[in-house]
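Below is one structure, written out as structure tokens; comments come after it.
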Amino acid sequence: MTKNDIADVLREIAVLLELKGENPFKIRAYENGARTLESLTDDLGEVIASGKLSEVKGIGEALTQKITELHKTGRLRFHEELRTSVAPGLVEMLEIPNLGPKKIKALHDKLGISSIAALAKACADGLVAELPGFGEKTQQKLLEGIKHREAYGRRHLWWNAHAVAGPIVAGLRKLRGVKHAEAAGSLRRGLETVGDLDFIVAADAKDSKAVGRIVDWFTARPGVFEVTARGETKTSVRYENGLQADLRIVPEEQFAFALHHFTGSKDHNVQMRQRALARGLSLSEWGLEPADGEGTVKTKAAAHAETRAKITSETELFAALGLAFIEPELREGLDEIEAAELTNNRLPHLVEHTDLRGAFHNHTTASDGRSTLEEMIAAAQTLGWEYIGIADHSKSSHQARGLDERRLADQVDCIQKINTSGRFKTHVFAGTECDILTDGSLDFDDLTLAQLDFVVASVHNAFSQGEEQMTARIIRAIENPRVTMLGHMTGRLLLRREGYRVNAAKVIDAAIANGVIIELNASPWRLDMDWRLWHGAAARGLLCSINPDAHETGHLAFVRTGVNIARKGWLSKQNIINTKPSPKCARGLKPTARDLMAQATMGEAARRGDAGAHRKTKTRCSR
DNA sequence: GCCGTTTTCGGCCCGACTGTTTTCAGTCG
């Protein structure tokens, strides 16, 4: 077992102990142990072998014994016994907002509730409100939480759906008889959440053997829980994680139409069909053919065959309707069809994953990350990034072990040494994810922030402030000249928690007026600021930073979802700060992130022809 | 369960908020 696997087990023990009502400090000891393990820079096997594990601060005799057992055998008796002593439904109940271990324990002890279903019934029967410490409002909130959870349960994060779909598409393409295979639907459109998966395969429909082989392969994939339909052209399965998937096998000449149709969105398809009708054509998943009553010269069948023969790709399908190719991410029925008009093509050249040269806002084990500073830099280097920005939490985020001034200064010092050592090709920008306090002031003073290359300002508490207060709070932070960018604008967690109430339009206005960047937090759970806002905001000069908010090396890959969302927001690489090269300042001075910001901001302003629009100029070259 | 120039027991991180209370417990980040 690796140190991070062992840390996971220690954390699970902490959760189980909480549900049992154990001593909170004992619980924290397990959490600390997990953290300590993750920050360990030496090889765990060697530390154990040398007998020095118990000398590590935060790991005493008991944890040494447990970690050793896990490392050697991959199992821990104490953990397994603990697991069987707690009903699994209790752990699941922790996912309901406003329900923590203490209340779950009370519900279990007093009403014998050990599942979400049982809790829903008890709430509906009014039993929960009668318990001491609970009341009508709590009961109502719990019911709503359960209802939300059920509604959310029908959708899945893009990231998770993509992980399931990727190998299936790759596998389908390798099968004999398959000419093309693609995932369609909201997955292909890069939507933040996905309802179900759609796979479109082109194959010879008359070759029933080949079709049977494809269907057999699809239904026999590991993780398939049940086959819900198996017909001539459509097969449906459900995976163990609840995700549904449809496989459609179509003749090759129909592939482009089926792919377009099942990619959607519904609104986009409606508009496309209207456009076709205006041209005397009828568009469907089967093809593009003369609309009824319009096929006067040729017979309908002949015209049909002729049109189909001409169209073998989506590009040709769009062209047949006088449109440029519309990237799937843009097909939301907003303005994309008007913009794609071939005679006046206004479609943007969308940013691509390969345009990124680095990313800001990443955590390390100094706060709540699981990879050390060196591990994060090495991972960025492996990705070929020119630079990586480190932004650990600030001191008010106690729960995330936020850095105080002294620890931040130590980290900056460490980053400077790494940069000058030449150990890594990737340059490291020193930053912070600085808490925006309840009144809009920042968690660090100006002097502390001045030593940094960049500052991400984020809200991490008092989520329930009213819209007016929250908006004023965030704008006050944006107006602080030390702030480079605003972190996760609404704090939402997709499928789990609504964001805090904030007037996005006012925040965007303030960011533009102050030359502050807004983050596109690329964590698959956040994708915040929402893609629906980017198009308009960027057109008015707002600069975006695609930030992975990585808490371990593997999370750097989250920029992939960030790019999806940026594309859905019509963004080109010019709109995104981390597509810019690491700046080499004149006179050989050390590059800083602020120069990058200044360059890009000025570039954006120049492009729009109003260079004076940004009242803040950030031209500092070095500290 | 861990720690220690207050060292083998007693303390361990905290502020805001909500709903339940009538001074506080639980949840969240």
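For clarity, every value in this text was computed on a predicted model and none was experimentally measured. Order of the sequence lines sets the chain letters (A, B, ...), proteins ahead of strands, with each chain counted from 1.
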Salt bridge (charged side-chain N to carboxylate O under 4.0 Å, His left out) involving Arg75(A) - partner list, sequence neighbours excluded: Glu80(A)

Set of residues satisfying side chain to side chain contact (heavy atoms under 4.5 Å, CB included) with respect to Thr372(A), sequence neighbours excluded: Thr41(A), Thr365(A), Glu374(A), Glu375(A)

By side chain to side chain contact (heavy atoms under 4.5 Å, CB included) - contacts of Arg473(A) (at least two apart): Ile436(A), Thr438(A), Val459(A), Asn461(A), Ala462(A), Gln465(A), Met470(A)

Under 3.5 Å, N/O pairs linking protein and nucleotides 3-11 of chain B:
| from | atom 1 | to | atom 2 | distance (Å) |
| --- | --- | --- | --- | --- |
| dC3(B) | OP1 | Gly58(A) | N | 2.5 |

Parallel, tilted or perpendicular: rings of His427(A) and Phe429(A) (30°, 60°): perpendicular

Parallel, tilted or perpendicular: rings of Trp525(A) and Phe558(A) (30°, 60°): perpendicular

Step-by-step side chain to side chain contact (heavy atoms under 4.5 Å, CB included) determination, His361(A) to His363(A): CA-CA 7 Å; His361(A) 193 172; His363(A) 297 267; 3.2 Å; yes

Side chain to side chain donor-acceptor pair (under 3.5 Å) partners of residues 91-104 of chain A, not counting sequence neighbours, each pair once: Glu95(A)-Arg149(A)

Contacts of Arg357(A) that satisfy salt bridge (charged side-chain N to carboxylate O under 4.0 Å, His left out) - sequence neighbours left out: Glu386(A)

Pairwise C1' distance, dT8(B) and dG1(B) [rounded to whole Å]: 14 Å

Within residues 16-35 of chain A: residues closer than 4.0 Å to DNA chain B (heavy atoms): Asn23(A), Phe25(A), Lys26(A), Arg28(A), Ala29(A), Tyr30(A)

Partner set under ring-ring contact (aromatic ring centres under 6.0 Å, His included) for Phe134(A), not counting sequence neighbours: none

Listed partners of Asn503(A) passing side-chain hydrogen bond (donor to acceptor under 3.5 Å, both in side chains), at least two apart: none

Pairwise 5' ranking along DNA chain B for Leu131(A) and Lys103(A), keeping only the more 5' one: Leu131(A)

Euclidean distance for P, dT5(B) against dG15(B) (whole angstrom): 26 Å

Strand contacts (DNA chain B) in residues 74-85 of chain A, 4.0 angstrom heavy-atom criterion: none

Sugar-phosphate, base or nothing in reach of Pro97(A), heavy atoms under 4.0 Å: sugar-phosphate

Which atom pairs, one a donor and one an acceptor, fall under 3.5 Å between side chains of residues 109-123 of chain A and the rest of the protein, sequence neighbours left out?
| from | atom 1 | to | atom 2 | distance (Å) |
| --- | --- | --- | --- | --- |
| Asp109(A) | OD2 | Lys105(A) | NZ | 2.8 |
| Ser115(A) | OG | Ala118(A) | N | 3.1 |
| Lys121(A) | NZ | Asp125(A) | OD2 | 2.9 |

Sugar-phosphate, base or nothing in reach of Lys66(A), heavy atoms under 4.0 Å: sugar-phosphate

Write out a two-atom table: protein N or O, nucleotide N or O from nucleotides 15-19 of chain B, distance below 3.5 Å.
| from | atom 1 | to | atom 2 | distance (Å) |
| --- | --- | --- | --- | --- |
| dC17(B) | O3' | Ser464(A) | OG | 2.8 |
| dT18(B) | OP1 | Ser464(A) | OG | 3.0 |
| dG19(B) | OP1 | Lys141(A) | NZ | 3.4 |
| dG19(B) | O3' | Thr138(A) | OG1 | 3.1 |

Between His488(A) and His460(A), ring centroids under 6.0 Å: yes

Spacing of the P atoms in dT6(B) and dG11(B) (rounded, Å): 15 Å

Rounded P spacing from dA25(B) to dT20(B) in Å: 16 Å

